[in-house]
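Note: hydrogens, waters and symmetry copies are ignored here, and every other heavy atom, side chains too, is used. Keep in mind it's a predicted model, so treat the numbers as computed, not measured.
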Amino acid sequence: MIAQPLTLYFDLSPDARPTLGAIGRAMVEFEKMAGEAVFIMEPGVEFSVVYDSSATGSLRIIAQLRGVVTRERLRELAMIIATVLITNGVSHFQGKAMDEVVEAITGEEITLTDEDVARIAEAVKGIERSETVRTPRREFYRAVEPDDAISGVSAVPDDTTERPSLIVPRNEFLDRATARPAVEDEVNLEPRIVPNRIEVS
């Protein structure tokens with residue numbers, strides 16, 4: 001079975017340490033969000049979270065995507081999950097095109113074609129419409145928001161020890177924790193059919 005690393009990154013204040021409760025709840029919600037995203041894209045891929053290591057000033061949780069699919073497909077799923085966590089309609093990344101965000105998250109060492117980036121960006125847009133993905137993402141930010149030791153969060157589709165280039169700053173946690181679905185999603189609801197009985201003589 002092929003495995004693909006995926007790092008959940010917590011930027012920490014130099015003079016404080018996060019509570020286990022905040023980190024633990026955030027990891028549980030990240031696992032739910034990622035699991036739902038993977039299930040939507042590729043139901044046969046197994047997802048598990050495994051702690052690997054941490055470094056001064058940060059905490060890295062290494063997750064593994066495992067499944068009977070190609071290595072390229074697992075790498076693409078890792079990129080999609082990382083992008084789903086980072087992007088949000090209320091964030092300062094909103095002004096950037098989704099393909100710019102995908103390229104920034106994936107890093108320079110991974111070579112993607114324009115078609116790859118466009119396909120990942122489209123997949124992220126589709127997954128973000130699912131409330132089963134949005135709810136745990138909101139809960140993730142709700143878990144880390146009260147802990148002042150956590151100054152930022154990120155995710156990267158590898159196990160690098162480098163600081164991620166895109167980090168969601170602490171001042172966005174509350175907005176992300178309370179973000180609700182866009183109105184456009186509610187407009188696209190199917191019309192409700194109400195049966196009407198009429199007595200015929």
Side-chain angles (χ1 to χ4, degrees), residues 1-10 23-55 58-88 93 98-141 143-144 153-168 176 181 185:
M1 188 176 285
I2 300 169
Q4 167 67 35
L6 172 63
T7 300
L8 179 57
Y9 178 90
F10 297 89
I23 296 294
R25 285 194 318 276
M27 287 169 49
V28 166
E29 296 304 331
F30 177 76
E31 185 176 30
K32 285 181 194 173
M33 183 207 81
E36 286 296 330
V38 168
F39 182 76
I40 290 169
M41 296 295 298
E42 199 75 59
V45 174
E46 176 191 339
F47 177 78
S48 61
V49 176
V50 181
Y51 173 77
D52 183 67
S53 62
S54 60
S58 68
L59 173 63
R60 292 176 179 84
I61 308 299
I62 309 299
Q64 298 244 337
L65 288 174
R66 294 185 296 215
V68 186
V69 292
T70 65
R71 184 171 304 285
E72 291 73 25
R73 181 59 174 161
L74 284 178
R75 188 178 304 120
E76 188 172 284
L77 289 169
M79 291 176 197
I80 290 167
I81 292 167
T83 307
V84 166
L85 182 71
I86 300 294
T87 58
N88 190 353
F93 303 122
M98 183 64 78
D99 56 352
E100 291 178 51
V101 177
V102 170
E103 286 177 354
I105 289 170
T106 56
E108 297 172 9
E109 68 281 351
I110 297 174
T111 306
L112 296 173
T113 65
D114 291 342
E115 293 79 21
D116 292 336
V117 172
R119 189 174 59 255
I120 292 167
E122 242 353 91
V124 169
K125 288 178 190 173
I127 288 170
E128 284 192 321
R129 292 188 183 102
S130 170
E131 191 57 32
T132 60
V133 172
R134 284 194 292 221
T135 297
R137 181 174 61 190
R138 282 194 301 270
E139 292 301 318
F140 173 90
Y141 286 104
V144 295
V153 295
S154 189
V156 288
D158 54 45
D159 56 359
T160 182
T161 57
E162 299 290 319
R163 188 173 191 265
S165 58
L166 287 182
I167 295 179
V168 178
R176 289 169 178 259
D185 291 346

Contact summary for [X] and [Y], nearest pair of heavy atoms:
{"X": "A78", "Y": "Q4", "answer": "CB-CG, 3.8 Å"}
{"X": "A82", "Y": "L6", "answer": "CB-CD1, 4.3 Å"}
{"X": "L85", "Y": "A155", "answer": "CD2-CB, 3.8 Å"}
{"X": "A123", "Y": "I80", "answer": "CB-CD1, 3.6 Å"}
{"X": "Q64", "Y": "A3", "answer": "OE1-CB, 3.1 Å"}
{"X": "P136", "Y": "E131", "answer": "CD-O, 4.2 Å"}

Pairwise distance CD1(I61) to CD1(I23) - rounded to 0.5 angstrom: 6.5 Å

Rounded distance (nearest 0.5 Å) linking atom CD1 of I40 with atom CG of L77: 11.5 Å

Side chain to side chain contact (heavy atoms under 4.5 Å, CB included) partners of P164, counting only residues at least two apart: Y9, S154, V156, I167

With sequence neighbours excluded, residues passing side chain to side chain contact (heavy atoms under 4.5 Å, CB included) with E72: T70, R75

By side-chain hydrogen bond (donor to acceptor under 3.5 Å, both in side chains) - contacts of E42 (at least two apart): R73

T160 side chain reached by T7 side chain, heavy atoms, under 4.5 Å: no

Sidechain N-carboxylate O distance under 4.0 Å for K125, E128: no

Note: E162-R60 ion pair, threshold 4.0 Å (strictly below): no

Donor-acceptor under 3.5 Å (R176 side chain, R137 main chain): no

In residues 26-39, what donor-acceptor pairs under 3.5 Å come from side-chain atoms, sequence neighbours left out?
{"unit_1": "E29", "atom_1": "OE2", "unit_2": "K32", "atom_2": "NZ", "d": "3.4"}
{"unit_1": "E36", "atom_1": "OE1", "unit_2": "T132", "atom_2": "OG1", "d": "3.3"}

Partner set under salt bridge (Lys or Arg N to Asp or Glu O under 4.0 Å) for R119, not counting sequence neighbours: E76, D116

